[in-house]
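The structure under discussion appears below in the form of structure tokens.
Chain letters run A, B, ... following the sequence lines, proteins first and then strands; every chain starts at 1.
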Amino acid sequence: MTWLLFAMAILLLGAMAVLLLSRPDRNVSWLGAGSVVIASVLGCVPVIHVLSGGSVEPVRVPWSVPFGEFFIELDSLTAWFLFPTLLLSALSAIYGVGYLRSWQGRRSLGPIWFFYCLLVLGMMLVLLARNAVLFLIAWELMALASFFLVTFEHERESVREAGWIYFVATHLGTAFLLAFFLLLARDTGSMDFTVWAEKGVQAQGLASILFLLAIIGFGTKAGFMPLHVWLPEAHPAAPSHVSALMSGVMIKTGIYGLLRALTFLGAPPMWWGWGLIAIGLSSGVLGVLFALAQHDLKRLLAYHSVENIGIIALGLGAGLLGMSTGSSMLIVLGFGGGLLHVVNHALFKGLLFLGAGAVLHGTGTLEIDHLGGLLKRMPWTAATFLIGAVAISGLPPLNGFVSEFLIFLGAFKGGVSTGGAIAVPLLALIAGLALIGGLAAACFTKAFGIVFLGEPRSEHVSHAHEADWTMRLPMLILAAGCVLIGLFAPVVVGSLQAVLENLTHLQPAAVSENLAAVASPLAWVVIGTVAFLLLLLALILLRRGLLAGRRVETNVTWGCGYAQPTARMQYTASSFAQPLMDLFRPLLGTKKKISPPRGFFPEEAALKTVTPDISHEEVYRPVFGRINEWLSQLRWVQHGKVQLYVLYIAVTLIVLLIWELR
Amino acid sequence: MNALSFIPLLLALILSPLLFGVINRTKALFAGRRGQPLLQTYYDLWKLLRKGAVYSRTTTWIFRAGPMVGLAAAWVAATLVPLGNFPALIAFPADFLLFAGLLGLMRFFTVVAALDTGSSFEGMGASREVFFSALTEPALFVVLATLARQTGQLSLSTMFEPVSGADWLHGGPVLALVIIALMIVLLAENARIPVDDPNTHLELTMIHEVMVLDHSGPDFAFILYAAALKLWMLGALVLSMVLPSSGGNPWLSLALVSGGMFGLAVVIGVIESVMARLRLLVVPQLLIGAGAVATVALILTLR
Amino acid sequence: MTDLILVLVVLTNLKLLGSSRLGASIRVVAAQGVMLGLLPVLAHVHELSLHFAALAVGTVALKGVVFPWLLFRALREAEVTREVEPYVAYITSILIGLAALAASFWLGGRLPVSTVEPSSLLVPSALFSILAGLFLIVARKRAVNQVLGFLVLENGIYTFGVGIVAETPFLVELGVLLDAFVAVFVMGIAVYHINREFDHIEVDRLDRLKG
């Protein structure tokens with residue numbers, strides 16, 4: 001544990017140093033990034049130790065905060081989430097050095113690195129905390145630090161608005177968490193997580209209320225539909241390395257919290273599993289549909305995070321169904337698939353956001369329909385983005401396929417042999433996950449193809465330059481991670497042993513038996529992958545040999561004889577997604593503004609589509625508008641006269657005095 | 001895994017281009033023509049492999065990689081598919097996930113290579129291809145779930161075993177519905193009428209043909225061969241449900257299987273000759289209809 | 001065999017929900033009527049009697065020949081071939097139909113009616129026909145579609161009857177048939193007159209009569 005304490009101390013020192021030493025002309029990025037990287041390396045040592053079966057002494061230090069205690073512990077559930085946190089923090093920090101270079105002279109970089117270190121510290125504490133007060137303080141630290149990071153470019157109106165939406169949403173979620181912790185503390189008489197895990201919930205019916213509070217509270221942070229409205233606003237507004245960290249890791253702390261809450265609540269009834277599967281299906285399908293409708297690359301990726309959180313929820317829901325029925329196969333495969341997808345998503349979503357940042361850095365725009373042909377100018381970014389796109393679509397041989405394989409296998413095995421109550425949600429899971437996979441492939445062929453391939457659609461591309469090595473290195477490492485997890489899938493699945501034992505209280509033998517049952521099909525998958533790569537190599541050599549002595553020419557693309565083709569005649573992103581968007585029009589609510597070409601020699605024509613978020617428009621805006629109307633009737637209380645405020649305070653004090661002394 | 005399990009793979013690799021010849025001959029006979037030779041696709045492959053290539057200046061390494069990735073994926077997928085009584089070369093629980101994944105990989109790279117040309121034709125085809133495949137994926141998975149429930153097995157080689165008369169009597173409606181749904185998925189995935197017309201080259205009607213418009217030479221040979229393999233694989237799955245069991249005699253199985261694939265190609269040719277291509281806006285209704293038929297079959301297995 | 005007929009009935013209902021061509025819909029309902037007319041004959045093949053045979057012939061004649069002829073005549077008078085934009089789109093209708101099918105299976109299992117004879121699919125497919133018929137009446141605009149919905153509803157009730165009651169009194173069955181016949185006949189005349197008066201047969205526009 002001393003390693004982790006040292007790591008946290010270095011983060012604090014680094015934050016202070018960066019703030020004190022910061023000046024607009026001085027480059028403090030190396031100091032900030034360096035402290036994060038050192039802290040991550042130090043932190044990884046105990047994490048790997050715990051994940052391979054070891055254990056670490058907890059640290060308990062009494063505190064003067066009422067009910068609070070500085071109690072941190074590293075068990076395998078925490079370790080599983082801490083690993084991608086540390087890895088992605090370090091890589092994003094290295095990336096940030098190069099990315100923030102363009103702000104060098106204009107503004108001092110001290111504050112952003114200060115808040116970055118605090119964000120990493122906050123996330124570490126959230127995962128390690130075992131006392132409710134410490135957890136909430138760390139949660140709030142995470143929220144505040146990320147708020148300041150999101151509003152880095154606060155001179156832009158859209159960024160400010162995004163920051164406020166994020167701030168309000170995260171605090172609403174925290175309110176539900178507060179209710180959750182208070183109810184649980186009142187029931188068991190302690191604020192200690194280990195006590196809660198042992199004693200469980202005493203009162204009847206309390207478990208279900210607590211489950212709902214946990215879903216809403218942690219789900220707001222994770223981004224379940226319809227609590228996700230802050231995600232597509234906040235993630236694009238933040239600087240790209242922060243978006244990568246937020247999307248890759250911070251929303252997973254919501255999933256961690258939900259899992260930790262499940263360990264307190266005992267044996268789940270069936271409707272918990274159904275509920276999570278329903279949430280997973282709606283988040284997944286609606287998330288990817290809205291992603292298809294976006295024009296901005298980072299907004300597209302943010303909606304995709306909603307979809308992947310939906311896939312994780314599907315896995316967790318299947319695991320819960322397994323716990324309700326005592327099927328160890330469903331428990332292992334469902335929870336295992338969900339947990340593995342947490343790590344996988346951190347890797348490939350981090351990679352994709354860093355790639356988007358490189359595109360923004362190189363061209364100055366993220367509008368998909370203004371880009372094109374970037375592969376020729378940014379080959380490394382394009383190659384790593386391609387790996388991320390194939391991984392996120394769940395295609396073999398990369399890591400997305402492995403976690404979806406686990407969830408599918410669990411659902412198929414469960415849905416094949418059992419009766420109605422279990423089979424129906426699992427079969428719906430199968431159909432839904434297949435639909436999500438197809439739509440995700442559509443979305444990412446669009447994103448990769450329109451941005452990086454074809455001809456440039458505007459001048460932004462002509463001055464595009466490739467990212468420098470500080471930005472390329474993290475992307476390459478993440479891409480390598482995606483490939484390695486895919487190639488070593490059976491081994492990776494075996495490492496789930498420690499986490500699953502801790503989370504589900506199953507017998508170690510049951511866990512390892514079920515993991516072995518899925519490791520052997522995965523071994524065949526790896527064999528198939530290797531065969532695929534060998535065949536590909538053979539075909540490359542064959543083609544090279546065939547074309548060696550022959551005429552190979554280049555020419556323009558066949559344009560069917562157009563007299564004056566332009567690059568703007570290519571398929572745009574909106575046209576690519578149009579058939580799917582028309583089919584799902586009732587769910588999307590897209591607004592189109594058309595000024596069509598008129599006359600025989602039209603000069604101008606324009607088409608604009610906007611897809612506002614449906615929960616934002618239909619649910620939150622009317623509700624908050626109504627609340628605003630009612631509460632504005634109380635506005636007379638705030639009139640600005642200092643004397644009357646002092647009068648209020650005096651009256652309150654006198655009333656309290658009279659009440660106490662009566 | 002014995003010598004017999006190599007047969008599905010070998011037959012697929014050798015005989016799949018013959019399917020196109022049979023289909024084209026059937027269509028020609030319906031039209032009163034004599035038609036191309038049955039072995040035309042083999043001649044085409046040989047001709048293309050001996051040609052040079054022309055590449056567009058807009059394209060990158062992705063365009064050159066697309067056909068090779070597609071063919072390698074199709075090849076590995078062919079090792080997973082059983083044929084009649086012959087189990088596949090590689091079989092393991094949930095191998096259909098790898099099968100669907102490899103087909104998805106093939107489709108991803110074909111679409112991405114099409115977008116690489118920077119032409120609106122290929123973009124149109126790519127957009128329609130991902131649209132239709134987003135609708136056939138759920139239908140395919142519902143079919144697989146139905147068969148898994150019906151047979152209690154989780155591997156392609158055991159789920160798609162030939163059915164005996166007793167199976168038909170017992171679960172007839174389910175099997176019939178599954179065959180119908182799988183047939184529609186086959187027609188959609190392989191770009192046959194009524195979803196796509198493989199013969200026209202008009203931009204308004206092309207889906208698969210237009211995505212590969214710019215490829216030439218050995219690249220196009222790889223694409224043609226991969227398309228043949230894909231048709232063979234999906235056809236083998238449909239066939240395995242229709243063929244009667246051969247009771248262990250390998251020669252009888254071989255005869256049944258070859259005759260069966262030939263018959264299936266004739267059926268596809270007949271479908272192509274008597275129907276017209278559906279309007280593009282109506283195709284989603286057909287695909288969702290296939291999903292609905294598969295769902296009815298699934299509901300029937302749940303009672 | 002009865003299983004096959006009932007599955008075909010379910011599929012014809014789904015086709016009706018998703019189809020926009022009135023001519024095809026009328027033919028589908030006629031086919032459904034013929035299949036259901038033959039159902040009791042095939043279910044009780046070993047107890048064939050003049051009663052069953054006469055009833056089957058009568059049902060087939062009425063549902064397979066007379067009703068379609070009347071409806072086609074109404075279509076010709078009104079000069080329509082297609083449904084206008086319905087209240088619920090076709091793909092959504094099919095999805096709702098699938099949900100109704102699942103619900104029918106679930107409800108059918110819970111009804112306190114023990115029918116394993118002649119087929120366990122009987123109650124669910126009867127319920128589904130009733131739901132599909134009601135959906136057609138509510139969600140479509142042209143009057144002919146509403147007549148078809150009513151016919152499908154009658155088919156559902158009839159299927160239910162075949163399963164529940166072993167020996168239906170002759171008079172009850174004749175009554176059901178007469179009921180359907182009168183409905184179609186009257187509707188045919190009504191459609192003709194509505195069309196002549198208002199120049200369309202869209203039922204949702206009839207609320208203008210409120211004045």
Side-chain angles (χ1 to χ4, degrees), chain B residues 131-132 134-143 145-146 149-150 163 165-185 188 194-195 241 275-276 278-303, chain C residues 1-21 24 28 35 42 82-83 85-86 88-111 115-116 118-129 131-132 135:
Chain B
F131 176 40
F132 293 154
L135 295 175
T136 56
E137 284 271 309
L140 180 64
F141 271 82
V142 172
V143 163
T146 310
R149 254 192 98 82
Q150 185 83 341
V163 285
D167 286 330
W168 271 102
L169 211 55
H170 201 60
V174 172
L175 275 176
L177 291 175
V178 162
I179 291 177
I180 293 176
L182 202 52
M183 194 71 192
I184 298 181
V185 168
V195 174
M241 285 192 293
M275 288 185 73
L278 287 176
R279 275 188 306 145
L280 219 51
L281 298 174
V282 179
V283 175
Q285 290 184 8
L286 175 70
L287 297 176
I288 294 184
V293 168
T295 311
V296 173
L298 187 60
I299 293 180
L300 284 177
T301 61
L302 272 174
R303 64 187 166 103
Chain C
M1 197 59 199
T2 44
D3 264 7
L4 192 63
I5 292 188
L6 290 171
V7 168
L8 281 175
V9 166
V10 165
L11 286 179
T12 50
N13 282 329
L14 279 177
K15 171 91 175 72
L16 271 180
L17 288 179
S19 162
S20 68
R21 291 194 297 199
V28 165
M35 285 192 289
L42 293 169
R82 278 185 179 268
E83 171 69 55
E85 183 94 25
V88 181
Y90 294 110
I91 294 188
T92 321
S93 304
I94 291 193
L95 293 175
I96 293 182
L98 286 176
L101 182 62
S104 318
F105 268 92
W106 187 67
L107 284 173
R110 298 174 97 78
L111 273 179
T115 42
V116 183
S119 158
S120 64
L121 278 182
L122 202 70
V123 175
S125 77
L127 272 176
F128 181 57
S129 295
L131 289 175
F135 184 79

Could you check whether any side-chain heavy atom of C:Val10 comes within less than 4.5 Å of a side-chain heavy atom of B:Leu300, counting everything from C-beta outward?
no
Would you name the heavy atoms of B:Pro173 and C:Val7 that are closest together and state the gap between them?
CB-CG2, 3.6 Å
At a 4.5 Å cut-off on heavy atoms, which part of C:Leu11 comes close to chain B: side chain, backbone, both, or neither?
side chain
With only heavy atoms counted, which part of C:Leu98 is less than 4.5 Å from chain B, the side chain, the backbone, both or neither?
both
Rounded to the nearest 0.5 Å, what's the gap from CD1 on B:Ile299 to CZ on C:Phe128? Could you check?
8.5 Å
side-chain hydrogen bond (donor to acceptor under 3.5 Å, both in side chains) involving B:Thr295 - partner list, sequence neighbours excluded:
none
